[in-house]
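A short worksheet on the structure shown next.
These figures come from a predicted structure and were not determined experimentally. Nothing fancy with the numbering, it's 1 onward along the sequence.
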Amino acid sequence: MTLILYDVALQSRLLLGTARYPSPTVLEQAVRCSGTEIVTVSLRRETAGGKSGGEFFDLIRALGVRVLPNTAGCHSVSEAILTARMAREVFGTNWVKLEVIGHQDTLQPDVFALVEAARILSEDGFNVFPYTTDDLVVGEKLLDAGCKVLMPWCAPIGSAMGPQNMVGLKAMRAEFADIPLIVDAGIGRPSHALQVMELGYDAVLLNTAVSGAGDPASMAQAFGSAITAGRIAYLAGPLEPRDMAVPSTPVIGKGVFA
């Protein structure tokens, strides 16, 4: 069940955010219970935290996971590029989760700016993980810009609404059959993660669904199990829904009583 992202082999298919946890201890417990090998980290948090920011990064490094810096909060191409380049210096990685927000209320990405920023960062040697919509045309343009991974949302960030457009998600999986697809944003429950994994998605990235839970560590474990179950179910070939009942017991050969 190995997942390959930019030539890096991973066993876990859960990517976990590190924001809004009640304490560093709870964050550490959640990361360990989730089984994740990748955590997202905001440069803004690291640089704004002063001494505590340094302690936070020390904690992340001690967990032995790969860091995926993000450009959360950026609203323009220039802002996203500057943030990504600063993150490369701070975290020592060419990986970046690229966010360019276009709508303040829904936090929907500005797909036009996203494609432009992705092209510039790819040419600058970054491995870009673009937070995007489930639009097929945008996905194609992001691949043309140099991205080798696509991260469509299933609902607005932090909404916990779960998949809002299953038809669109299915179409994206069919269109980009050979591209790693990671659902990013909108997941609220382990069952939501299970749903998208059963569609054949390669991984799930989430934050609030774990950090905002009553017991983040247990919720992280639940998500890890659900994602694994969804992947196994997809590979096993789930039975498609039917319009009519089909008996599970054979009719031919049953006993006949006079």
Side-chain angles (χ1 to χ4, degrees), residues 14-21 27 30 36 38-49 67-84 86-87 95-121 126 128-139 141-142 145 147 149-169 171-172 181-190 192-193 195-196 201 203-213 216 219-220 223:
L14 169 60
L15 289 71
L16 192 62
T18 57
R20 299 183 180 276
Y21 285 83
L27 167 60
T36 185
I38 299 174
V39 297
T40 62
V41 177
S42 171
L43 175 67
R44 292 173 184 268
R45 172 173 180 169
E46 174 69 10
T47 55
V67 173
L68 176 60
N70 66 46
T71 62
C74 292
H75 290 77
S76 68
V77 173
S78 59
E79 187 180 14
I81 291 172
L82 175 61
T83 301
M86 291 175 64
W95 281 24
V96 64
K97 178 189 171 186
L98 180 60
E99 297 182 30
V100 186
I101 302 302
H103 191 272
Q104 190 57 47
D105 292 335
T106 63
L107 301 182
Q108 180 170 329
D110 179 341
V111 295
F112 305 100
L114 179 68
V115 171
E116 183 180 351
R119 178 184 56 78
I120 294 171
L121 290 174
F126 281 89
V128 180
F129 293 70
Y131 161 60
T132 184
T133 65
D134 56 16
D135 187 287
L136 300 181
V137 176
V138 175
K141 290 187 179 298
L142 285 168
C147 298
V149 175
L150 296 176
M151 300 206 306
W153 69 349
C154 73
I157 292 174
S159 68
M161 292 191 296
Q164 297 297 290
N165 184 7
M166 291 293 282
V167 173
L169 291 174
M172 198 164 197
L181 298 182
I182 303 172
V183 168
D184 176 19
I187 295 289
R189 299 176 182 273
H192 297 158
Q195 280 183 281
V196 298
Y201 275 72
V204 171
L205 193 160
L206 52 88
N207 189 154
T208 310
V210 170
S211 64
M219 187 60 75
F223 269 107

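Lys141 pairs in a side-chain contact (heavy atoms from CB on, under 4.5 Å) with only one of the listed residues (Val115, Val111, Leu114), which is Val115. Between Val210 and the options Leu27, Ile187, Leu16, Leu14, a side-chain contact (heavy atoms from CB on, under 4.5 Å) holds for only Leu16.
The OH atom of Tyr201 lies 12.5 Å from the CD atom of Gln195; values are rounded to the nearest 0.5 Å.
Taking all atoms of both residues into account, the shortest heavy-atom contact from His192 to Gly162 is ND1-CA, 3.4 Å. Between Val196 and Pro163, the shortest heavy-atom distance links the atoms CG1-CG, 3.8 Å. Of all non-hydrogen atoms in Gly17 and Thr40, the two that sit nearest each other are CA-OG1, 3.1 Å. Nearest heavy atom pair, residue Leu169 against residue Cys154, reads CD1-CB, 4.1 Å. The two residues Ala185 and Ile157 have their closest heavy-atom pair at CB-CG1, 3.6 Å. The shortest non-hydrogen separation linking Ala30 to Tyr21 is CB-CE2, 3.7 Å.
Partners of Ala113 according to the side chain to side chain contact (heavy atoms under 4.5 Å, CB included) rule, which considers only residues two or more places apart in sequence or in another chain, are Val77, Val100, Asp110. Under the salt bridge (charged side-chain N to carboxylate O under 4.0 Å, His left out) criterion, Arg189 pairs with no residue at all, not counting sequence neighbours. Taking the side chain to side chain contact (heavy atoms under 4.5 Å, CB included) definition, one finds that Thr106 meets it with His103, Gln108, sequence neighbours left out. Applying the side chain to side chain donor-acceptor pair (under 3.5 Å) rule to Asn165 yields the partners Asp134; only residues at least two apart in sequence or on another chain are considered. Considering only residues two or more places apart in sequence or on other chains, Ala84 meets the side chain to side chain contact (heavy atoms under 4.5 Å, CB included) condition with Thr71, Val96, Leu121, Phe126. With sequence neighbours excluded, the residues satisfying side chain to side chain contact (heavy atoms under 4.5 Å, CB included) with Ala203 are Leu3, Arg13, Leu15, Ile182. Partners of Ser211 under the side chain to side chain donor-acceptor pair (under 3.5 Å) rule, at least two apart in sequence or in another chain, are Asn207.
Residues in residues 99-108 take part in these salt bridge (Lys or Arg N to Asp or Glu O under 4.0 Å) pairs, two or more places apart or across chains: Lys97-Glu99.
At a threshold of 4.5 Å between non-hydrogen side-chain atoms, the residues Leu107 and Pro156 do not count as touching. Using a 4.5 Å heavy-atom threshold, the side chains of Leu150 and Met172 count as touching.
Using a 30° and 60° split on the angle between ring planes, Trp153 and Tyr131 fall in the perpendicular class, above 60°.
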*Run the numbers on Phe129 and Leu68 for side chain to side chain contact (heavy atoms under 4.5 Å, CB included), then give the verdict.*
CA-CA 9 Å; Phe129 293 70; Leu68 176 60; 3.7 Å; yes
